[in-house]
Structure formats: structure tokens, C-alpha cells
Amino acid sequence: MKKFKRTLLITGGAGFIGSHLVRHFVTKYPNYHVVNLDNLTYAGNLENLADIEIADNYTFVKGSITDLTLLRTVFKKFDVDGVLHTAAESHVDRSIENPMVFVQTNVQGTAALLQVAREHWTQPGRDYRFHHISTDEVFGALGDEGYFTEQSLYNPQSPYAASKASADHLVRAFHNTYKLPVVISNCSNNYGPYQFPEKLIPLFIKNILEERVLPVYGTGRNVRDWLHVQDHVEALDIIFHQGATGEAYLIGGHNEWKNIDLIHLLCRQIDRKLGRAFGESQKLIHFIQDRAGHDHRYAIDASRIKRELGWSPRYTFEQGLAMTIDWYLDNSAWMDRVSSGAYRDYYLTHMINNKSKPYESAA
Ligand code: NAD
Ligand code: DAU
């Protein structure tokens with residue numbers, strides 16, 4: 001008798017979205033074994049999962065999705081029957097600095113995972129599923145009107161977006177060619193706890209708290225469509241279980257903000273919470289040189305996932321942003337450890353030495 005109903009491999013589970021996804025599946029589905037494969041780049045932080053790391057149905061494996069030998073061992077050892085693939089290089093500015101690592105992780109890593117899933121998933125009647133977690137940036141930029149839909153053409157602009165678009169194409173190719181049971185989701189900008197402070201919202205919260213400059217790219221009129229990470233995770237759960245094989249679903253909260261308006265809102269809310277004078281933090285705003293190839297606007301038409309799978313976001317932006325600001329205010333130790341680099345010791349000092357839940361070697 002198998003101890004678990006199924007075994008899910010979540011890649012990149014120590015990252016921002018990945019850690020929320022791991023926590024969600026480990027706590028909501030005690031009859032699933034969740035294997036988190038992450039090679040702990042600068043963005044991978046096991047402290048994000050400290051509350052669930054000793055759960056019986058959770059295993060962490062340190063390793064790269066580009067390592068075919070390791071992937072074969074993991075699939076065989078744990079008899080993986082589902083994949084939720086979040087591992088990626090995810091920051092646009094870093095892709096402009098160093099595109100090659102984006103190709104290695106996002107393109108080659110995705111190809112390696114697909115190949116090993118294809119090799120391993122051969123038993124008839126099993127409920128296999130490869131869910132590729134992607135971004136709306138694959139569609140390029142919108143003008144002031146219109147929305148991305150599942151019919152939008154691919155038109156990626158940054159090396160990050162192009163690497164994610166390539167991964168999406170590979171996922172579809174493995175479905176069309178080998179009948180691999182895949183599903184794809186493309187989501188808009190996420191915000192919430194545990195986001196690495198290189199992305200707009202946590203970086204600006206940190207800088208407002210520390211009274212540092214707020215560097216706004218270009219005019220600040222670029223538009224992003226913000227969704228709370230927990231709403232994204234709930235959409236992923238529904239798509240993983242109920243999405244049609246070979247299909248894609250767009251996820252977004254119909255919540256568009258010009259960067260500069262969002263930045264003013266952050267300044268006002270944090271000043272109020274800290275009892276600072278009205279307008280104090282807005283003095284920190286500096287307009288700087290624009291991001292190269294900066295996409296003007298992203299906006300999602302999420303009607304397909306609402307209509308077909310019954311998903312809609314639960315957080316209003318007002319609630320979600322206030323809770324997010326409170327989380328960063330209450331977790332200044334987390335932010336300090338991320339900023340100083342101390343979080344990188346967590347794996348060495350904690351995971352390996354923690355006898356109650358030893359580090360799983362895939363070898
Ligand atoms: P993140 O940068 O916070 O985390 C990425 C994780 O992947 C880290 O834990 C890192 O260690 C791991 N990783 C990187 N390279 C790896 C490798 N070779 N092998 C194993 N693990 C590796 O990313 P995020 O913001 O949480 O995004 C997660 C996924 O969701 C990405 O695929 C991204 O494209 C997509 N996405 C993100 C957003 C967003 O707003 N953040 C929106 C839509 C889609
Ligand atoms: O749309 C989904 C994408 O959202 C994800 O695929 C990416 O992984 C994620 O990083 C995010 O990409 P963006 O480039 O939109 O996010 P970022 O937080 O880097 O920037 C948001 C906006 O804020 C963008 O218009 C650039 C601007 N910005 C960002 C930073 C970090 C600034 O003006 N100043 C900054 O310092």
C-alpha cells in the first residue's frame with residue numbers, strides 16, 4: 001500500500017511563488033508527497049519554508065533542473081507523477097545584465113524536465129501532469145488599450161521574456177509530439193510576503209522604511225496588473241487539477257496600476273503606519289534612466305479561468321497590499337537576513353544538521 005496518493009515535484013520551491021505553492025500543497029493535501037527541487041540561487045531561501053519543513057509529506061532536494069542525471073534519479077526515487085514547474089531566473093533587469101543564465105535555466109532546464117518526465121511517465125492509466133508556470137511577459141507589451149488573452153501572439157521583448165516564451169514552446173512541443181500531458185499558465189505581476197527585494201514592491205517598501213532613494217524607471221507611467229501571490233497559488237491548484245490537457249490559462253486580477261501611482265500609494269500607506277508626516281516618503285522618489293526595452297503595459301483578461309474553472313481572486317488590492325506591507329514591517333529580520341546574504345547559510349546550518357528532517361540526497 002503506497003503511503004501517498006501521488007508525488008508532486010515542485011521546482012523552485014524555495015523562491016517567492018514556489019514557497020507559497022509548496023506550503024499550500026503540503027498543508028492542503030496531506031495525502032500528496034511534495035518534493036521541492038531547488039538549487040538555491042540568490043533567489044532561493046529555505047527560511048521561507050521554515051514552518052513546514054518538518055512535515056511528513058515534504059522533502060527538499062538541492063539540485064538544478066538542468067542536471068539530467070539528478071532529474072532521472074529524483075523521478076525514479078520518488079516516483080514523481082506530477083510536476084509544478086516554477087524554477088526560473090525571474091528578474092528582467094538581471095536578464096538584461098546576463099542573459100545566458102536565463103537561457104540555461106529557463107530554456108535548457110525546462111527541456112530537461114520535460115525529457116525526464118517523458119522518459120518516466122510510461123505506465124498506462126496513471127494520472128500524470130506537467131504544469132508549466134509562466135508569465136504574461138511572453139506576449140510582449142500592450143498599448144493603453146486591450147488585454148492579453150489565451151489567443152494573444154507571442155512577442156517577448158526582454159531576454160527573460162524570450163527565455164520563458166521558449167520554455168512555453170517546448171512544453172507545447174512535448175505535448176504535440178509525445179502527448180506529454182501538459183498544462184500552461186501565464187500570470188501577471190505577483191506581490192505578497194517572501195518576495196525577493198529586487199522586485200518593485202518589496203524593494204520600495206524596504207527603501208521607504210530605510211529612507212533610501214526610490215528609483216523609478218523612465219516616466220513611471222508603465223502599467224502592471226498586480227495579483228496577490230495566494231490568489232495565484234489557488235489558481236495554480238485549480239489549473240493543475242482541472243485544467244484541460246494541452247491548454248493554457250491566463251491568470252490576473254484586473255488590477256492595473258501605473259508604477260508611479262502605486263509608488264505614491266506605498267509611500268502614503270507606510271507613512272501612515274509609521275506615523276510619519278504626510279508626503280515625507282514621496283520626497284525619496286527619483287526618476288532614473290529607463291529599463292532597456294521597458295514594456296509599456298501588461299493587462300490580463302482572465303475570463304477563461306473564471307468561466308471554465310470558476311477561479312477568481314479573493315484579495316482586493318487594498319486588503320492584499322495592506323497585509324503585505326504589514327508582513328514586511330513585522331518581518332524586518334527576514335528582510336535584514338535577505339539583504340545581508342545571511343539567509344544563504346540557512347541550508348548549511350539548518351537543513352543538513354537538522355536530524356529530525358535530514359536533507360534528502362537524491363543520489
Ligand atoms: P524567484 O526568483 O523568487 O524564485 C525562483 C526559484 O527558482 C528560486 O528558489 C531559485 O533558487 C530557483 N532556481 C533558479 N534556478 C534553478 C535551477 N537551475 N534549478 C532549480 N531551481 C532553480 O521567482 P518567482 O518570482 O517566485 O517566480 C516563479 C515562477 O513564476 C517563474 O517561473 C516566473 O517566471 C513565474 N512568474 C513570476 C511572476 C512574478 O510576478 N514573480 C509572475 C508570473 C510568472
Ligand atoms: O508580469 C509578470 C512578471 O512580473 C514576472 O514574469 C517577472 O518574473 C516579475 O519580475 C515581474 O516583472 P516586472 O519587470 O514587471 O517586475 P519588476 O518588479 O521588476 O518591475 C515592475 C515595474 O516597476 C516595471 O515597470 C519596472 C518598474 N521598476 C522596477 C524596479 C525594480 C522601477 O521603476 N524601478 C525599480 O527599481
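Remember, it's 1-based here, ligands and their atoms both numbered in the order they're listed. This structure is a prediction, so every number in the text was calculated from the model and none was measured. The residues of the chain are indexed from 1 along the displayed sequence.
In terms of protein heavy-atom proximity, atom 8 (C) of ligand 1 is closest to D38 OD2, 3.5 Å. In this structure, the protein non-hydrogen atom closest to atom 37 (C) of ligand 1 is I17 CD1, 3.4 Å. For atom 13 (N) of ligand 1, the nearest non-hydrogen atom of the protein is N39 OD1, 3.5 Å. With respect to atom 29 (C) of ligand 1, the closest heavy atom belonging to the protein is T86 O, 3.2 Å. Among all non-hydrogen protein atoms, the one lying nearest atom 34 (N) of ligand 2 is P215 O, 2.8 Å. If you check which protein heavy atom lies closest to atom 23 (O) of ligand 1, you get S90 OG, 3.2 Å. Shortest contact from atom 3 (O) of ligand 1 to any protein heavy atom: F16 N, 3.1 Å. When only non-hydrogen protein atoms are considered, atom 5 (C) of ligand 1 lies nearest to A88 O, 3.4 Å. Protein heavy atom at the shortest distance from atom 40 (O) of ligand 1 is N190 N, 2.9 Å.
If you look at F102 next to ligand 1, there are no close heavy atoms at all, none under 4.0 Å. With a 4.0 Å heavy-atom cut-off, ligand 1 is reached by the side chain of K199 but not by its N, CA, C or O. With a 4.0 Å heavy-atom cut-off, ligand 2 is reached by the side chain of V92 but not by its N, CA, C or O. Only side-chain heavy atoms of L203 come within less than 4.0 Å of ligand 2; its backbone N, CA, C and O stay farther off. With a 4.0 Å heavy-atom cut-off, ligand 1 is reached by the side chain of T105 but not by its N, CA, C or O.
Of the N or O atoms in Y298, none lie within a sub-3.5 Å distance of an N or O in ligand 2. Checking only distances, C187 never comes within under 3.5 Å of ligand 1, N or O to N or O. Considering backbone and side-chain N/O of H294, one or more are found under 3.5 Å from N/O of ligand 2. Considering backbone and side-chain N/O atoms, A87 never comes within less than 3.5 Å of an N/O atom of ligand 1. For ligand 1, one of its N or O atoms has an N or O atom of T41 under 3.5 Å away. Note: an N/O pair closer than 3.5 Å links I65 and ligand 1 by distance alone. Looking at ligand 1, you won't find any N or O of N45 less than 3.5 Å from one of its N or O atoms. Residue-to-ligand polar distances keep N189 apart from ligand 1: every N/O pair is separated by 3.5 Å or more.
Aromatic ring pairs are classed by plane angle as parallel below 30°, tilted from 30° to 60° and perpendicular above 60°; the pair W257 and F317 is tilted.
Close contacts between ligand 1 and G63 involve ligand atoms 19 (N), 20 (C) [criterion: under 4.0 Å to a heavy atom]. Less than 4.0 angstrom separates some heavy atom of Y160 from each of these atoms of ligand 1: 33 (C), 34 (O). Listed by number with element, the atoms of ligand 2 under 4.0 angstrom from any heavy atom of D136 are 1 (O), 2 (C). Atoms of ligand 1 lying under 4.0 Å from any heavy atom of S134, numbered from 1 in the order shown and given with element: 43 (C), 44 (C). In the vicinity of I133, heavy-atom distances shorter than 4.0 Å reach the ligand 1 atoms 30 (O), 32 (O). Counting the atoms of ligand 1 from 1 in the order shown, those under 4.0 Å from a heavy atom of L40 are 11 (O). Ligand 2 places these atoms under 4.0 Å from at least one heavy atom of N259: 22 (C), 23 (O), 24 (C), 25 (O), 27 (C). Residue-ligand proximity, Y160 to ligand 2, at heavy-atom distances under 4.0 Å covers atoms 5 (C), 6 (O), 7 (C), 8 (O). Ligand-side atoms of ligand 2 in range of V216: 33 (O), range being under 4.0 angstrom from any heavy atom. Each of the following atoms of ligand 1 lies closer than 4.0 Å to a heavy atom of S188: 42 (C), 43 (C). Taking every non-hydrogen atom of G12 and a distance limit under 4.0 Å, the qualifying atoms of ligand 1 come out as 6 (C), 7 (O), 9 (O), 12 (C).
Between F174 and F130, the ring centre distance reaches or exceeds 6.0 Å. Aromatic pair F16/Y194: centroids not less than 6.0 angstrom apart. For an aromatic pair to be called close, the ring centres must be under 6.0 Å apart, and F4 with Y32 fails this. Ring centroids of Y315 and H232 are separated by 6.0 Å or more, keeping the two rings apart. For Y154 and H169, the ring centers sit closer than 6.0 Å to each other.
No hydrogens or angles considered: a donor-acceptor pair under 3.5 Å links the side chains of R276 and S281.
Under 4.0 Å is where a charged nitrogen must lie from a carboxylate oxygen, and between D51 and R23 at least one such pair does.
The closest non-hydrogen atom to atom 19 (O) of ligand 2, taken over K199, H296, E198, R291, comes from R291. When the heavy atoms of H20, K62, K164 are ranked by distance to atom 32 (O) of ligand 1, first place goes to K164.
For Y191, the closest heavy-atom approach to ligand 1 does not fall below 4.0 Å.
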